[in-house]
Structures are given as C-alpha cells and as structure tokens.
Amino acid sequence: MATPDESPAAKRWLPLEANPDVMNQFLWGLGLPVDEAECGDVYGLDDELLAMVPQPVLAVLFLFPITCQTEEERLQQDNEKRDASSKVYFMKQTVGNACGTIGLLHSIGNITSEIKLQEGSFLDKFFKSTASMDPMEASDNVNTHFICFTCADGELYELDGRKSGPISHGASSPSSLLQDAAKVIRGMIQKNPESLNFNVIALCKKVAGAY
C-alpha cells in the first residue's frame with residue numbers, strides 16, 4: 001500500500017505542453033537522435049490534411065478532455081478481459097500530469113526496432129531495463145489527457161496509461177497507421193462535439209533527403 005507521500009495524488013509533474021517543438025526537445029534531450037524522428041502537428045483528420053503528414057508515421061498522439069463519459073468508458077474497458085500482443089510496450093501512469101510523457105514513452109517504446117536511440121542515453125537505458133516489466137497498477141486525475149496510437153503485430157493499439165492495458169482497434173499496418181488512428185480519433189471527438197480541446201500529433205521517422 002502506498003504511503004500518503006507516495007500516493008498518485010501526491011506525485012504530480014508539470015504537464016508536457018501539447019506542442020511538437022517542446023516534445024521534440026524533450027525526446028532529443030533524452031536520447032532520440034535529431035535525424036531519427038520528430039513530432040509534428042496533424043492539422044486535421046480529413047484525407048487531404050492527413051496526406052500532408054510526413055511519412056512514415058511511427059505513432060500518433062491524441063490529447064482530449066476527460067469527461068464523465070470518457071471515465072465511464074475507461075472503467076467499462078478495464079472490466080473487460082482483453083488479450084494484447086506481447087509485442088506491445090505498455091506502462092501504467094502513476095504520476096499526476098505525466099500523460100504527455102507517458103504518451104511519448106509509449107510512442108518510442110513501440111518503435112525501438114524502427115529507430116536507433118543514442119547508446120547509453122536515458123531512453124536507451126530505460127527501455128532496455130523495462131522491456132520485460134509488467135505495467136504498474138495506478139491512476140490519477142487530470143482535466144485533459146494524452147494517449148498514444150501505435151501499430152504492433154498487425155493491429156492498431158490505443159495506449160492509455162490510465163487504463164489497465166492496451167486496447168486493440170482492429171487490423172492496421174505501418175502504412176495505414178495514421179488513417180486508422182484518425183478514424184478512431186474522429187469517433188472519440190464526435191462523443192464530445194462541444195469541446196475544442198483536442199490535439200493530434202504524429203511522430204514521424206525522418207527519411208534522408210526528404211527534409
């Protein structure tokens with residue numbers, strides 16, 4: 001049992017800004033080489049705007065407001081038995097306001113075979129030391145929340161550190177990851193049409209000569 005000072009409510013970070021430049025500096029500073037990958041805005045979910053996102057897309061981050069409905073769905077999903085591929089890297093969120101950081105760690109943790117982290121860097125050591133660990137059991141309360149969408153073992157997975165495990169949204173592939181994630185995101189936005197507090201960011205692999 002957690003002591004009062006160790007409880008999820010007692011541990012809070014400054015939230016990571018939903019800004020690709022801020023996220024890039026964060027990742028680059030922790031060991032993602034500048035020439036390997038970077039975050040960029042997704043300006044809309046229509047096909048024409050999705051086509052503007054540099055390829056290949058390695059992961060998609062989605063910021064959305066927490067509502068009574070999203071909390072009910074989270075609790076319902078936690079009560080459902082789900083089998084996720086063993087290839088999915090997933091970790092629980094145990095610190096308040098850390099969802100942006102957890103979202104980025106989910107993004108990088110599921111593409112370590114696609115990118116080369118700086119040897120001996122924080123990210124390199126972190127993922128090597130946690131690759132075989134079980135997700136930690138904890139949660140907290142925030143007003144907005146980041147989740148990550150990634151493709152693993154031929155399926156689209158939603159990775160939300162406040163849920164008990166990965167959520168599969170069906171078949172996907174690296175080439176269709178962005179479009180598949182956008183379809184799920186559109187459905188989530190439609191459940192809260194009055195809110196403007198949504199943000200979509202793509203983590204894209206840099207291709208030599210493409211920039």
Side-chain angles (χ1 to χ4, degrees), residues 8 11-42 53-66 84 87-131 133 135-136 138-140 142-152 156-163 165-167 174 177-178 180-182 184-185 188 197-206:
K11 298 183 294 182
R12 304 192 72 81
W13 292 358
L14 290 175
L16 188 64
E17 184 179 349
N19 181 316
D21 292 333
V22 173
M23 292 182 168
N24 285 331
Q25 294 302 321
F26 178 81
L27 290 174
W28 294 338
L30 293 180
L32 175 67
V34 175
D35 59 355
E36 278 290 325
E38 67 177 356
C39 296
D41 281 313
V42 177
V53 179
Q55 295 290 331
V57 173
L58 301 174
V60 178
L61 290 160
F62 179 46
L63 175 74
F64 64 95
I66 291 179
K87 296 181 180 180
V88 180
Y89 181 90
F90 178 78
M91 60 189 297
K92 290 285 290 181
Q93 180 179 335
T94 61
V95 179
N97 292 338
C99 59
T101 301
I102 299 299
L104 288 175
L105 291 176
H106 276 148
S107 299
I108 300 298
N110 283 284
I111 59 170
T112 52
S113 63
E114 304 292 327
I115 59 175
K116 183 175 177 59
L117 297 172
Q118 292 176 0
E119 188 73 25
S121 66
F122 172 84
L123 290 177
D124 179 56
K125 293 178 179 178
F126 179 81
F127 289 119
K128 286 179 179 177
S129 65
T130 61
M133 290 184 180
M136 295 181 64
S139 64
D140 55 53
V142 288
N143 293 323
T144 56
H145 191 55
F146 267 111
I147 59 175
C148 169
F149 291 93
T150 188
C151 178
L156 176 69
Y157 282 100
E158 172 191 334
L159 306 177
D160 184 341
R162 298 179 73 240
K163 294 181 179 179
I167 305 296
L177 166 61
L178 179 61
D180 296 336
V184 177
I185 291 171
M188 297 176 72
N197 199 6
F198 296 100
N199 202 335
V200 183
I201 294 173
L203 178 64
C204 304
K205 184 174 177 61
K206 286 190 173 181

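In this chain, numbering begins with 1 at the start of the sequence shown. All values reported here derive from a predicted model rather than from experimental measurement.
Rounded to the nearest 0.5 Å, atoms CE (M91) and OG1 (T101) are 9.5 Å apart. Atom CD of E17 is separated from atom CG of L63 by 11.0 Å, given to the nearest 0.5 angstrom.
Put simply, the side chain of K205 never gets that close to the backbone of V57: no donor and acceptor are under 3.5 Å apart. Not a single donor-acceptor pair under 3.5 Å links the side chain of H106 to the backbone N or O of F90.
Between F198 and F62, the ring planes lie parallel to each other; the angle is under 30°, not in the 30° to 60° tilted range.
Minimum interatomic distance between I201 and V42 (heavy atoms only, all atoms of both residues): C-CG2, 4.2 Å. What you find for I102 and G161 is that their closest heavy atoms are CG2-CA, 4.4 Å. L203 and A37 get closest at one heavy-atom pair: CD1-CB, 4.2 Å. The two residues L117 and P33 make their nearest non-hydrogen contact at CA-CD, 4.0 Å. Closest of all the heavy-atom pairs between P20 and C39 is CB-O, 3.6 Å. Taking each heavy atom of L32 and L123 in turn, the nearest pair found is N-CD1, 3.9 Å.
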Please determine whether salt bridge (charged side-chain N to carboxylate O under 4.0 Å, His left out) holds for the pair K206 and E36, giving the CA-CA distance in whole Å, both sets of side-chain angles, and the decisive distance to 0.1 Å.
CA-CA 5 Å; K206 286 190 173 181; E36 278 290 325; over 6 Å; no
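Not counting sequence neighbours, the partners of T130 by the side chain to side chain donor-acceptor pair (under 3.5 Å) test are Y89.
The list of side chain to side chain donor-acceptor pair (under 3.5 Å) pairs with a residue in residues 108-125, not counting sequence neighbours, reads E119-K128, D124-K128.
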